Amino acid sequence: MSEVAVVEESAGVPGGPIQAFTVTLIIRRFDPEVDAEPHWQDFDVEMYPTDRVLDALHKIKWEQDGSLTFRRSCAHGICGSDAMRINGRNRLACKTLIKDLDISQPIYVEAIKGLPLEKDLIVDMEPFFESYRAIQPFLIASDKPDKERIQSVAQRAVFDDTTKCILCAACTSSCPVFWTDGQYFGPAAIVNAHRFIFDSRDEGSQVRLDILNDKEGVWRCRTTFNCSEACPRGIEVTKAISEVKAAILRGNPGLPSSDLVLTPVGA
Amino acid sequence: MTTIDAPRTPHTPVTKNRRVNWEKWGWLYMRASGILLVVLIFGHLFVNLFLGTGVKQVDFAFVAGKWASPFWQVWDVLMLWLALIHGGNGMRTIINDYAHGRPRQVMLGLVFAAVAILIVLGTLTLVAFDPCPTGADPSLLPSFCPASSK
Amino acid sequence: MSSQVARSGAATSTKIRGPKRPAGTLYRGREGMWSWVLHRITGVAIFFFLLVHVLDTALVRLSPEAYNSVINAYKTPLLGLGEIALVAAIGLHALNGLRIILIDFWSVGTRHQRLLFWIVIGLWIVLLAGFVPRQIMHIFFGGA
Amino acid sequence: MEFEDGAIIDGVHYHQFDVVIVGAGGAGMRAAIEAGPKAKTAVITKLYPTRSHTGAAQGGMAAALANVEEDNWEWHTFDTVKGGDYLVDQDAAEILAKEAIDAVLDLENMGLPFNRTPEGKIDQRRFGGHTRDHGKAPVRRACYAADRTGHMILQTLFQNCVRLGVNFFNEYYALDIVMTKVKGKDRPSAIVAYELATGEIHVFQAKAIIFATGGFGKIYKTTSNAHTLTGDGVGIIWRKGLPLEDMEFFQFHPTGLAGLGILLTEGARGEGAILRNASGERFMERYAPTIKDLAPRDIISRCMVMEVAEGRGAGPHKDYVLLDCTHLGAEVLETKLPDITEFARTYLGVDPVTTPVPVMPTAHYAMGGIPTNVKAEVLSDNDTVVPGLYAAGECACVSVHGSNRLGTNSLLDINVFGKRAGNNAADYSMTADFVPVPKNPAGFVLGLVEQLRDSNGTERIAGLRKELQEEMDKNAQVFRTDESLAKVTETIHVLRRRYKNVSIQDKGRRYNTDLLEAIELGFLLDLAEVVVFSARNRKESRGGHMRDDYPTRDDAEYMKHTMAYLTGDPHSADAADHITLGWKPVVITNYQPMERKY
Ligand SMILES: Cc1cc2nc3c(=O)[nH]c(=O)nc-3n(C[C@H](O)[C@H](O)[C@H](O)COP(=O)(O)OP(=O)(O)OC[C@H]3O[C@@H](n4cnc5c(N)ncnc54)[C@H](O)[C@@H]3O)c2cc1C
Ligand code: HEM
Ligand code: SF4
Ligand code: F3S
Ligand code: FES
């Protein structure tokens, strides 16, 4: 494995001829129409260090085995289609560069965990979106302004982080609590609730705080940080969850801060 | 290892009954009791296992000696309650994570029963403690007992 | 805001190595997840110990003999070592519990959770370094 | 045939809705928000809504709010017309610019978190081709949310669809529209869709149908478009003999990451980034002395290709130019352009804070598409409306973009015309009856699917697609000549023949993406043929269509829209045997064509 061959043509990336490697991918396959259980299958592909795992999957699908099934669309980390477990961690295949993996070893690829496996790398996303819908992820405001609502730069900044979510489910399906009990709302739903709870224009924060104060809500989070490490958008997920917890304890959204004792609120 | 990850039931909508929210208070309790327990447990461990001859010094007389003082009685009662409820609530969390349906109910019941019984038992032991039980072997009693042979 | 860059795309930060077992279904979490696993295991262990410990302590009500005979078991080398494990577990659980509390109630706690974990491990080693030699002395050499 | 809503007949599912929207990108969901509350509406989408490519849009959405400096919609109209090299229908452009203001405010009221000015109003930034007072100087007109404007629009629209309880059919691929002859005229009666999860076929009978299926950038290799942008909607319409307008005009965005095509927003140049050649020269000063790096995309792309062709390209192969952001500072890059900064870091390993980023033009946007009027009604010729059929967004051609779309005008387009389509379709559905569905409405799709499943041909999809895309990149990209286009024509012809012999490996029913890629390739081949055929016919250079052999604009001959019709056997050897071209006049209200100088 990993024999090195200098290939004339570059991978299209500037910088002249670069080395291609043979990379072994071991993919957890499952075809509901024939398999009773998932199984692992090996594929060898020629890759450039600058290629992404998605390119490797495409190469397999297009050149070796057309039945390999996965979701993908944008190919640059903004649509959230291709969250999968790569070497044991949730990643977007299109944002995971081969050079960032240890290619002296095979690369393990499998579906994200905790959602029903449908086929190969595809899981049923419905339970995930179900939790998302449950937290009322939309602006609740009664006024009808003629122009835009006024919001200061600072007010806009406090919920900036959580507006970046692309609903890829990498976080929720990395959460140990979610694996064992899918009833937990999961980090993605909380992130999207956070986005509205701390939006100065929103009037529904209390409702959402109540929803998340539920048995399956924020209190189930055990601060394992898998979600924060998995998020391809770099959202500080656990921090957002902490801020929601603190808001519930305070009894009002206020400014997002989890400081209850150590620094004065809003400082 | 080879089985498919079990399908998840979709989230069931929030039950809208306005009971006391145990989850929130449970969560807070874990933290508050945790901080107190650090002091209580480490104090306990320090006195019992570190000072003097460590675990070797612990016997009836040692315990009785400690509990003769209301300070240690309060200390240990507090520790008992806080720790059992803390641990019990922690176990509840864990059971909720891994068990479902009937097994979950049974296990929760067991934990609750264990915690309740031990709190009662432990409190009785402590509060109604007699450091100098009559008829006991005098050599085992603490030195301040009239019957003590120490 | 400028601190946002470094965090983005965890994929770029470190080389991710493949799992050892071909089953590979173990999630490769990091400090946060492992600290939680340890916290949970130690919590359960302490809970069961506590159950036993309350029961054996309750024997003081029965009679001094009964109590002493049970408590003497704690003084055997085997349970003496067990006690080390117990203190190690409580120490880890307690220190990590404090870490969790910091993460919860201190706004920059989440950002430093990994560092906090290693501080916990550091303090834990210090704790054990203080306790273990003394305990060994007590159980094997009969006290001070 | 007759059926009840929800019936399953011979394994085919039948549904009835007042309005069926195909596509859940910005245009589709904006339409759903209008139609949903008024009529029984279904949205059929081959991707989960939030996966749509609207989410990739970065820079902003134009509207003359005048929040930060003097501006008005009339200037915006002018810029749109001039930017489109005067091939814009000016009545439509007026509507676009006028309704832009409400479109942005609507989004804000729905919750979109725009960046704010110090006074708390929506902030605005500069963008290519947008000027004050008819070209005097760049103006700050683009409303934005960092470099994630499209993401925020898509999320906000989806959130509001959740609020309204819009009925989504996720991962359903529309593959055919059923036309029924009524009084000698073809009327749309239903959409036939393939359910990815099960492989089952669904017929959606509807009173009104809206197409909002987005673009077809995947006819090219280097593109900012998603893998799923295969022009299915446009292809479906084309196969029914309805016309396609201005297909030769494809926009190449100047700043795609070299070799990859991933887009770096024009907003970067809006914030002050500069294009440089190998020697560090700011070459746009030579070509567009007034607005330099903020000239419209067609012009900049062309200049970049020229710089490279004349040997001034950077890099070991001298095959790209550089986008220099280093003087903007880390603060601006990380707060206003965080995503593209990360793209450059992740995919090229280049840090824009310290190093200029290698860029080259990338296939970006289809100006052409399904012709509609300003009410978003689809046309079956220059002015006949197809009752009950609507189109909006990138798949449609209103035409507000003419031969070259201005940056930020598309997010605007999807909102303005998406809204109009939704409203008009809902209104229409309230007065109209269902058009009866003919017998066996799913016949075509069933046949298509079975034939691909059963085929044991020797051709592989990926190989054909790669050849098509590479050939299009080589010969139908920024510069075209009759000779290069003739070459692509030939290639496409061969590929279309080979396509009949294609086979798939996945013969299963559940989640058969292999099968769908094969069908998508069919659409790509059809559309590429129309693009090239239309391009060959337009012997002038205008906007996104640059002919080396006819380097100037020819208003006398070509100041009109191309209308392409499928008129013969689609597989006949010569494209001319099955494609007929016609012309459609450009609507001119205020602005007479002038030479386009910046
Ligand atoms: C990288 C990038 C950056 C851009 N930046 C800007 C910008 O800054 N400003 C600007 O104004 N414009 C920008 N644009 C252009 C603009 O984003 C797009 O033109 C616009 O978003 C298209 O929206 P849409 O709703 O028409 O299509 P899309 O958002 O592409 O949605 C298409 C929908 O159709 C569905 N669909 C497709 N085929 C089928 C089928 N067969 N069956 C069922 N459903 C189907 C898909 O599932 C999807 O939901 C950018 C484009 C790109 C690619
Ligand atoms: C010494 C001081 C202690 C501290 C500071 C402490 C702290 C904590 C905290 C903060 C939690 C909550 C963790 C979370 O929400 O993720 C917790 C959980 C727990 N604690 Fe303690 N604790 C201590 C002692 C104990 C004792 C004595 C027991 C046993 C009786 C115990 C058993 C548990 C259990 C079972 C859990 C649940 C673990 C889980 O959910 O994963 N703890 N502890
Ligand atoms: S929070 Fe991050 S990981 Fe979770 S769904 Fe959103 S983008 Fe994905
Ligand atoms: S992984 Fe789960 S436990 Fe909390 S910190 Fe993240 S939600
Ligand atoms: S393909 Fe869109 S996020 Fe990876």
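Order of the sequence lines fixes the chain letters, A, B, ..., with proteins taken first and strands second; residue numbering starts at 1 for each chain. Quick note: numbers below take in every heavy atom, side chains included, and nothing from hydrogens, waters or symmetry partners. Note that this is a predicted model, so its numbers are computed, not measured.
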(request) For the residue pair L55(C) and L121(B), establish whether any side-chain heavy-atom pair is separated by less than 4.5 Å. (result) yes
(request) May I ask you to name which of F129(B), F42(B), W67(B) has the most heavy-atom pairs under 4.5 Å with chain C? (result) F42(B)
(request) Could you look at F48(C) and say if it's the side chain, the backbone, both or neither that has a heavy atom under 4.5 Å from chain B? (result) side chain
(message) Which atoms of F46(B) are under 4.5 Å from chain C, going by heavy atoms: the side chain, the backbone, both sets, or neither?
(response) neither
(request) Pick one of side chain, backbone, both or neither for D76(B), based on which atoms fall under 4.5 Å of a heavy atom in chain C. (result) neither
(request) Pick one of side chain, backbone, both or neither for L51(B), based on which atoms fall under 4.5 Å of a heavy atom in chain C. (result) backbone
(message) What I'd like to find out is whether the side chain of D137(B) reaches to under 4.5 Å of the side chain of P64(C), using heavy atoms alone.
(response) no
(message) Please report the interatomic distance CG(N72(C)) to NZ(K56(B)), rounded to the nearest 0.5 Å.
(response) 10.0 Å
(message) Counting C-beta onward and ignoring hydrogens, is there a side-chain heavy-atom pair between F60(B) and L59(C) closer than 4.5 Å?
(response) no
(request) Please check if atom CH2 in W72(B) has more than 12 non-hydrogen atoms from other residues, nucleotides or ligands closer than 6.0 Å. (result) yes
(request) Name the region of L51(C), side chain, backbone, both or neither, that has any atom closer than 4.5 Å to a heavy atom of chain B. (result) both
(request) Go through the steps for D104(C) and W27(B) under the test side chain to side chain contact (heavy atoms under 4.5 Å, CB included), then give the verdict. (result) CA-CA 11 Å; D104(C) 286 331; W27(B) 185 89; 3.4 Å; yes
(request) Flag the pair L140(B) / Y67(C) as yes when at least one side-chain heavy-atom distance between them is below 4.5 Å, and no otherwise. (result) no
(message) As an exercise, state the distance from CZ of R40(C) to CD1 of I94(B), rounded to the nearest 0.5 Å.
(response) 4.5 Å
(message) Which atoms of Q135(C) are under 4.5 Å from chain B, going by heavy atoms: the side chain, the backbone, both sets, or neither?
(response) side chain
(message) So which atom in T125(B) and which in T57(C) form the shortest heavy-atom distance, rounded to 0.1 Å?
(response) CG2-O, 4.1 Å
(message) Taking every non-hydrogen pair under 4.5 Å, which of G91(C), A58(C), A94(C) racks up the most with chain B?
(response) A58(C)
(request) Could you tell me the separation between the CG atom of L80(B) and the NE2 atom of H53(C), rounded to the nearest 0.5 Å? (result) 10.0 Å
(request) Determine whether E83(C) and L45(B) make a side-chain contact, defined as any pair of heavy atoms from C-beta on separated by less than 4.5 Å. (result) no
(message) Rounded at 0.5 Å granularity, tell me how far CD1 in I35(B) sits from CD1 in I101(C).
(response) 4.0 Å
(request) Using a cut-off of 6.0 Å, state whether more than 12 heavy atoms not belonging to F112(B) lie near its atom CZ. (result) no
(message) What's the separation between atom CE in M79(B) and atom CG in L50(C), rounded to the nearest 0.5 Å?
(response) 8.5 Å
(message) Please classify the contact between I100(C) and chain B as side chain, backbone, both or neither, with a heavy-atom cut-off of under 4.5 Å.
(response) side chain
(message) Just so I know, are the side chains of R134(C) and L49(B) near enough to count as touching, which here means a heavy-atom distance under 4.5 Å?
(response) no
(request) Against chain C, label V58(B) side chain, backbone, both or neither, depending on which of its atoms sit under 4.5 Å from a heavy atom there. (result) both
(request) Identify which part of L127(C) has an atom lying under 4.5 Å from any heavy atom of chain B, answering side chain, backbone, both or neither. (result) side chain
(request) Check whether A128(B) gets within reach of chain C through its side chain, its backbone, both or neither, counting any heavy atom under 4.5 Å. (result) both
(message) Shorter than 4.5 Å, heavy atoms on both sides: which option in L79(C), L86(C), V44(C), I46(C) has the most such pairs with chain B?
(response) V44(C)
